[in-house]
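For ligands, and for the atoms within them, numbers begin at 1 and follow the listed sequence. None of these values were measured; they are calculated from a predicted model.
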Amino acid sequence: MADISVEYVGLKLSSPVVAAPAGTTGTVDLAKVAEDSGVGAVVMRTLYPAQTQETSLPHYELIKHNLGTMKSTTLYSTEHAALADPNRYAEELRKCKEHVRIPIIASLGCSDTAAWPEYVKLLAQAGADAVELHVHCPDAGRQVAAGFVEEMAEVLPAIKSSVGIPLIPKMTPQLENPALAAKALETAGADAVVMFNRFTGLEIDIDREEPVGGRGYAWHGGPWSIFYSLRWISAAAPMLNIPIAGCGGVASAEDVVKYILAGATVAQSCTAIMTQGYHVVKSLNQGLIEWMDRKGYERLEDFRGKVIGKV
Ligand SMILES: Cc1cc2nc3c(=O)[nH]c(=O)nc-3n(C[C@H](O)[C@H](O)[C@H](O)COP(=O)(O)O)c2cc1C
């Protein structure tokens, strides 16, 4: 039987399927469910130290588009910081490390550039195996792409001089050239990059003539978004010496295969877990093993990046 274990930023994962950060990953109980489902690692929901309380109620909406008789779906949602207290977050992280064996990756979003080292240190002390650096959506009004690479280039060396755990910037898809941005992040000291977070959007309620789900923009993702991520991962992978976590639209085992063929080391999934439940992970792992067995691949390295030269 094919071996789907993988090494990612020095961590040993039993599967390349990683639970992406969201309300589905914020607590030790959820981390236990994630572990039982067979994910290789969990990325905890993001800590935003600057937000001291819920800024609005979360909102989730599966929007269906009708194209004749065909249907497509997007998950449109906002979810603000429930675990905004850094000490509570660190405590939950400690519990995860105590009760769960798979690697736990913390996620941090600071709106103040100077604040990153202090909070990464707190998360490292609480036992995080790595930290994702999240500058995509601390608040909907922020210009998500403006200065992303510049901020990380300043922040990464500053954090690296104080803590030794792997640092993984999570990239917004809203960049002019994500492959060059990923390379710049590697040069600045990133240990891996996540490609990508979701797109910012606006859905409109035409009866009430106002934004859906509150007063602001929200984020949208789902299976449709995989093609964008695959396109840029296949462009970035040959330029990078660090691993890529593919993210966006992982809903089936075939999607995991595609990410690895495009050059990713792991594949994160959120919308599929959120809408189908954690049991979906079992089918992702099983389907991946079956595909590899059928193809005669023993390990993920046997086919990682195989599509790159053909694009
Ligand atoms: C409700 C919801 C909450 C999310 N919260 C976070 C978060 O706290 N931090 C983060 O980095 N990404 C967050 N994300 C983004 C996901 O981690 C993931 O990058 C994105 O949804 C794309 O993957 P998908 O297509 O599998 O959903 C959230 C996504 C959703 C749907």
Side-chain angles (χ1 to χ4, degrees), residues 16-27 30 34 39 41-51 54-63 72-84 89 92 105-111 123 130-140 142 144 148 167-174 192-201 203 213-214 217-230 232-233 244-252 255-256 258-259 264 266-278 280-281 284:
V17 179
V18 170
T24 35
T25 63
T27 64
L30 287 165
V39 294
V42 167
V43 186
M44 277 179 79
R45 182 181 177 182
T46 302
L47 162 68
Y48 302 112
Q51 286 182 11
E54 283 281 345
T55 49
S56 65
L57 286 174
H59 180 92
Y60 310 92
E61 183 134 342
L62 265 180
I63 300 173
S72 74
T73 312
T74 195
L75 175 61
Y76 184 78
S77 57
T78 51
E79 209 182 51
H80 290 281
L83 269 177
Y89 190 97
E92 202 64 32
I105 299 172
S107 171
L108 176 66
C110 293
S111 28
L123 301 175
V131 180
E132 280 191 5
L133 307 175
H134 175 78
V135 294
H136 182 59
C137 50
D139 65 71
R142 193 169 177 205
V144 289
F148 167 75
L167 302 173
I168 310 168
K170 181 167 182 173
M171 296 174 64
T172 167
Q174 294 156 177
V193 286
V194 183
M195 296 172 83
F196 296 97
N197 209 315
R198 296 182 297 162
F199 290 83
T200 320
E203 170 60 337
Y217 304 128
W219 292 272
H220 60 124
W224 58 267
S225 64
I226 190 171
F227 311 106
Y228 183 85
S229 298
L230 291 175
W232 280 109
I233 288 171
I244 298 171
C247 186
V250 174
S252 68
D255 297 333
V256 180
K258 287 175 194 174
Y259 266 113
V266 296
Q268 295 193 3
S269 180
C270 175
T271 295
I273 292 172
M274 192 161 265
T275 56
Q276 315 294 306
Y278 265 107
V280 75
V281 175
L284 301 185

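The option from Glu79, Met195, Arg198 that lies nearest to atom 22 (C) of ligand 1, judged by heavy atoms, is Arg198. Of all the listed residues (Thr24, Leu133, Thr25, Asn197), Asn197 holds the heavy atom that lies closest to atom 15 (C) of ligand 1. Comparing Ala20, Pro21, Ala218 by heavy-atom distance to atom 28 (C) of ligand 1, the nearest is Pro21. Nearest to atom 23 (O) of ligand 1 by heavy atom, out of Ala251, Cys247, Gly221, is Cys247.
In this structure, OG1 on Thr25 lies 9.5 Å from CD on Gln268, to the nearest 0.5 angstrom. The structure places CG of Leu75 at 4.5 Å from OG1 of Thr271, a figure rounded to the nearest 0.5 Å. Taken from CH2 in Trp232 to CD1 in Ile244, the straight-line distance is 12.0 Å, to the nearest 0.5 Å.
Relative ring orientation between His220 and Phe199 is described as tilted, the plane-to-plane angle lying within the 30° to 60° band.
When only interatomic distances are considered, the shortest N/O to N/O separation between Ser269 and ligand 1 does not fall below 3.5 Å. Residue-to-ligand polar distances place Thr271 within reach of ligand 1: an N/O pair is separated by less than 3.5 Å. Residue contacts with ligand 1: Arg45 is placed with no nitrogen or oxygen under 3.5 Å of a nitrogen or oxygen of the ligand (distance criterion only).
Using a non-hydrogen distance threshold of 4.0 Å, Gly249 registers as a contact of ligand 1. The closest approach between Trp219 and ligand 1 stays at or above 4.0 Å for every heavy atom of the residue.
Between Pro21 and Lys170 there is a side-chain heavy-atom pair separated by less than 4.5 Å. In this structure, the side chains of Thr172 and Asn197 stay at 4.5 Å or more apart for every pair of heavy atoms.
Residues that satisfy the side chain to side chain donor-acceptor pair (under 3.5 Å) test with Ser252, not counting sequence neighbours, are Glu254, Asp255. Under the rule for a side chain to side chain contact (heavy atoms under 4.5 Å, CB included), the partners of Leu30 that lie at least two apart in sequence or sit in another chain are Thr27.
Shown in contact with Ser77 at under 4.0 Å from a heavy atom are these atoms of ligand 1, numbered in order with element: 1 (C), 31 (C). Remark: ligand 1 atoms within the under-4.0 Å shell around heavy atoms of Lys170 are 10 (C), 11 (O), 12 (N), 15 (C), 16 (C), 17 (O), 18 (C), 19 (O). Short contacts between ligand 1 and Tyr60, defined as distances under 4.0 Å to a heavy atom of the residue, involve ligand atoms 1 (C).
Contacts with ligand 1 closer than 4.0 Å are made by side-chain heavy atoms of Leu75 only, the backbone lying farther away. Only the side chain of Met274 comes within contact range of ligand 1, with a heavy atom under 4.0 Å; no backbone atom does.
Ring pair His59/Tyr76: centre-to-centre distance not below 6.0 Å.
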